[in-house]
*Asks:* 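Dropping the structure in here first, questions after.
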Amino acid sequence: APGVVPAAPGVVPAAPGVVPAAPGVVPAAPGVVPAAPSIPAAPSIPAAPSIPAAPSIPAAPGVPAAPAAPTAPPAPTAPLAQEQEQKETKTKEDEDEGYELLGEIVLNQEMTTAQVKEAVRAKFGERVPEPHLMRVRERTSRAKPFVDAWVLRQNAKGQQDYKKLWIETVEEPMEITESTVALNVARWWPRKRRVGRMREMFVDKTMTVDSFKAHIGLTHDIPSEHVRCAKVRAFQLRDTKQIPVLDWFGIQLSSSSTLSSGWHVIHGDYVLFKDNRQAEHRKRNKATSGGAAAAPVRRHQAEQGIVFRSAEELAALEKQRLAEAEAQRAAAEKARQEAIERREKYGTAKTEEEQAAEAAKAAEVERARLEMIERMQQIMNSKKPQ
């Protein structure tokens, strides 16, 4: 209309007599009082930024970082505390070896072995055997048993707190003296090429080696003259190829050698024994990488003992040797006479070299026959009951 300012493009013009609303405010409907404009709220104060944690300082090269301190558990009651203490005291080595941890006990270093057994029985009760069926050992690699006549400071070297002892149950009471030694004894089976089960044997180290062999023979049903023994070390038990070449003959031992003077045995040493009637042998080598078969290894011959003869036996052997020599000369003379007769009869004769060769051959045959007869007699004598 004339005299009216035109509205901006896209804006609806207000009705005549109506004041247009402010930009951005929606005009009220006709007859409605517009509400008072709302007071804007105060702007919120932003929170303080969180302080970031200090970065961890890396450890020096080669130095492991310290583990975080664990939180302390609540204090257990008295029975639980005692059980927890025993579990902490028991080491992994005890678990691996299968031993039961009994606990701690206070002992006097002047206590005898019998008093130590009584104290252990009084402390742990039914968890341990009776004192007469109890054996006390020092916990070392050789597990040395306590000597009955010694006191604690003599049996357990290096007195200190928390020293570990072993309590062992025995089937029958046995006195342990100063000369008693515990040996690990096993049987060697030559044909099977294996070591039998290892067993512990308590013997007197003052006994002779021959007496020890006789004891082995009685317990394993082997004649004492066929028992062979050898002292070995732990690493030699794993090498079955070297066991057959051990000193089974006892070359360095005399008839009066004892276990202490000959073998110098101590607690925990290893001894192998075998029946000499079973011959040693080795396995054949496999074919080489080039395809050629390796040379077979000869088996060991059976052991032959040294025979000591009297003067009468030596004289008889000398007489036999002279008789064999005379028989050889007679055979040579007979061959020479036959050659002469053959030359006279047929007009031909062998040369002296041929005659000597025939005589030597005849003597060799005769000697072989005599040796065979003697060998058969020895075999028949060895089969006779003693």
Side-chain angles (χ1 to χ4, degrees), residues 93-100 113 129 133-148 150 155-157 164-222 224 226-253 257-276 278 280:
E93 184 180 359
D94 295 323
E95 297 176 356
D96 294 341
E97 295 179 356
Y99 293 98
E100 177 187 0
T113 303
L133 297 178
M134 184 188 304
R135 180 180 296 147
V136 186
R137 292 173 177 263
E138 183 181 8
R139 178 167 178 176
T140 58
S141 59
R142 294 184 177 270
K144 184 181 68 174
F146 277 19
V147 179
D148 295 338
W150 286 1
N155 284 314
K157 303 298 182 181
K164 294 186 178 181
L165 302 178
W166 278 334
I167 303 300
E168 180 186 2
T169 303
V170 297
E171 297 180 356
E172 297 180 358
M174 185 179 66
E175 182 182 4
I176 304 297
T177 63
E178 186 176 356
S179 60
T180 303
V181 62
L183 300 178
N184 297 313
V185 182
R187 182 171 181 175
W188 166 249
W189 300 89
R191 295 177 182 174
K192 301 178 181 179
R193 297 181 58 82
R194 67 176 181 88
V195 179
R197 183 180 178 183
M198 192 68 65
R199 299 180 182 274
E200 189 178 44
M201 180 180 295
F202 289 85
V203 296
D204 193 341
K205 61 183 179 182
T206 59
M207 68 188 307
T208 61
V209 177
D210 293 340
S211 301
F212 178 74
K213 293 179 180 179
H215 179 67
I216 292 291
L218 290 176
T219 55
H220 293 83
D221 195 19
I222 303 175
S224 59
H226 296 294
V227 176
R228 298 293 181 269
C229 297
K231 179 187 173 185
V232 297
R233 297 188 179 183
F235 70 91
Q236 293 177 319
L237 296 174
R238 298 187 293 267
D239 191 358
T240 57
K241 295 181 180 179
Q242 298 298 326
I243 291 179
V245 297
L246 293 174
D247 185 16
W248 295 102
F249 302 94
I251 299 175
Q252 301 179 356
L253 301 178
S257 296
T258 62
L259 297 179
S260 59
S261 64
W263 282 347
H264 306 284
V265 295
I266 58 177
H267 290 287
D269 279 349
Y270 296 90
V271 176
L272 293 180
F273 71 92
K274 69 173 183 177
D275 188 349
N276 190 56
Q278 298 181 7
E280 295 279 3

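Worth saying up front: this structure is predicted, and the values here are computed from it rather than measured.
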*Asks:* Starting from the C-alpha separation in whole Å, work towards a yes-or-no answer on side chain to side chain contact (heavy atoms under 4.5 Å, CB included) for V147 and N155.
*Replies:* CA-CA 7 Å; V147 179; N155 284 314; 3.7 Å; yes
*Asks:* What heavy-atom pair brings G262 and L253 nearest, and what distance separates the two atoms?
*Replies:*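 Of all heavy-atom pairs spanning G262 and L253, the closest is CA-CD2, 3.6 Å.
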*Asks:* Please name the pair of heavy atoms, one in M134 and one in V170, separated by the smallest distance, quoted to 0.1 Å.
*Replies:*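 Looking at all heavy atoms of both residues, the shortest contact is N-CG2, 4.2 Å.
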*Asks:* Taking everything shown except D221 itself, do over 12 heavy atoms lie less than 6.0 Å from its CG?
*Replies:* no
*Asks:* Show your working on side chain to side chain contact (heavy atoms under 4.5 Å, CB included) between M201 and I216 and close with a plain yes or no.
*Replies:* CA-CA 10 Å; M201 180 180 295; I216 292 291; 3.8 Å; yes
*Asks:* Looking only at non-hydrogen atoms, find the nearest pair between V227 and G217 and report the distance.
*Replies:*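 Heavy atoms of V227 and G217 come nearest at CG2-CA, 3.9 Å.
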*Asks:* Walk me through it: do T240 and R194 pass the test side chain to side chain contact (heavy atoms under 4.5 Å, CB included)?
*Replies:* CA-CA 7 Å; T240 57; R194 67 176 181 88; over 6 Å; no
*Asks:* How long is the straight-line distance from CG of L237 back to CE of M198, given to the nearest 0.5 Å?
*Replies:*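 Reported value, rounded in 0.5 Å steps: 5.0 Å.
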*Asks:* Would a distance-only check, ignoring hydrogens and angles, find a side-chain to backbone donor-acceptor pair under 3.5 Å from R142 to H267?
*Replies:*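 Pair found, side chain donor or acceptor close to backbone of H267.
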*Asks:* Taking atom CD1 of I266 and atom CG of L259, what is their separation to the nearest 0.5 Å?
*Replies:*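 The CD1 atom of I266 sits 13.0 Å away from the CG atom of L259.
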*Asks:* Between the side chain of Q236 and the main-chain N/O of R233, is any donor-acceptor distance below 3.5 Å?
*Replies:* yes
*Asks:* Nearest 0.5 Å please: distance from the CH2 atom of W188 over to the CG atom of L272.
*Replies:*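 Rounded to the nearest 0.5 Å, the CH2-CG separation comes to 8.5 Å.
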*Asks:* Between K213 and V209, is a side chain to side chain contact (heavy atoms under 4.5 Å, CB included) present by the stated rule, with each step listed?
*Replies:* CA-CA 6 Å; K213 293 179 180 179; V209 177; 3.9 Å; yes
*Asks:* Could you tell me the separation between the CG atom of L246 and the CZ atom of R228, rounded to the nearest 0.5 Å?
*Replies:* 14.0 Å
*Asks:* For I243, does its backbone N or O pair with a side-chain atom of W248 as donor and acceptor, under 3.5 Å?
*Replies:*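 Checking the backbone N and O of I243 against the side chain of W248, a donor-acceptor pair under 3.5 Å is found.
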*Asks:* Under the rule for side chain to side chain contact (heavy atoms under 4.5 Å, CB included), what residues qualify as partners of S261, not counting sequence neighbours?
*Replies:*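 Per chain and number, S261 pairs via side chain to side chain contact (heavy atoms under 4.5 Å, CB included) with T258.
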*Asks:* Determine the interplanar angle of the W263 and F212 rings, folded into 0 to 90°, and report it as parallel if under 30°, tilted if 30 to 60°, perpendicular if over 60°.
*Replies:*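 W263 and F212: perpendicular rings.
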*Asks:* Would you tabulate the side-chain donor-acceptor contacts of residues 178-187 under 3.5 Å, counting partners in other chains and residues two or more places apart, or write 'none'?
*Replies:*
from : atom 1 : to   : atom 2 : distance (Å)
S179 : OG     : T177 : OG1    : 3.4
S179 : OG     : D204 : OD1    : 3.0
T180 : OG1    : T177 : N      : 3.1
T180 : OG1    : T177 : OG1    : 2.9
N184 : ND2    : G268 : O      : 3.3

*Asks:* Over all heavy atoms of both residues, which pair between R137 and F146 is shortest? Give the atoms and the distance, please.
*Replies:* C-CE1, 4.0 Å
*Asks:* Do the side chains of D210 and S224 get nearer than 4.5 Å, heavy atoms only?
*Replies:* no
*Asks:* Run the salt bridge (charged side-chain N to carboxylate O under 4.0 Å, His left out) test against K231 and tell me which residues pass, sequence neighbours left out.
*Replies:*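 Partners of K231 under the salt bridge (charged side-chain N to carboxylate O under 4.0 Å, His left out) test: D269.
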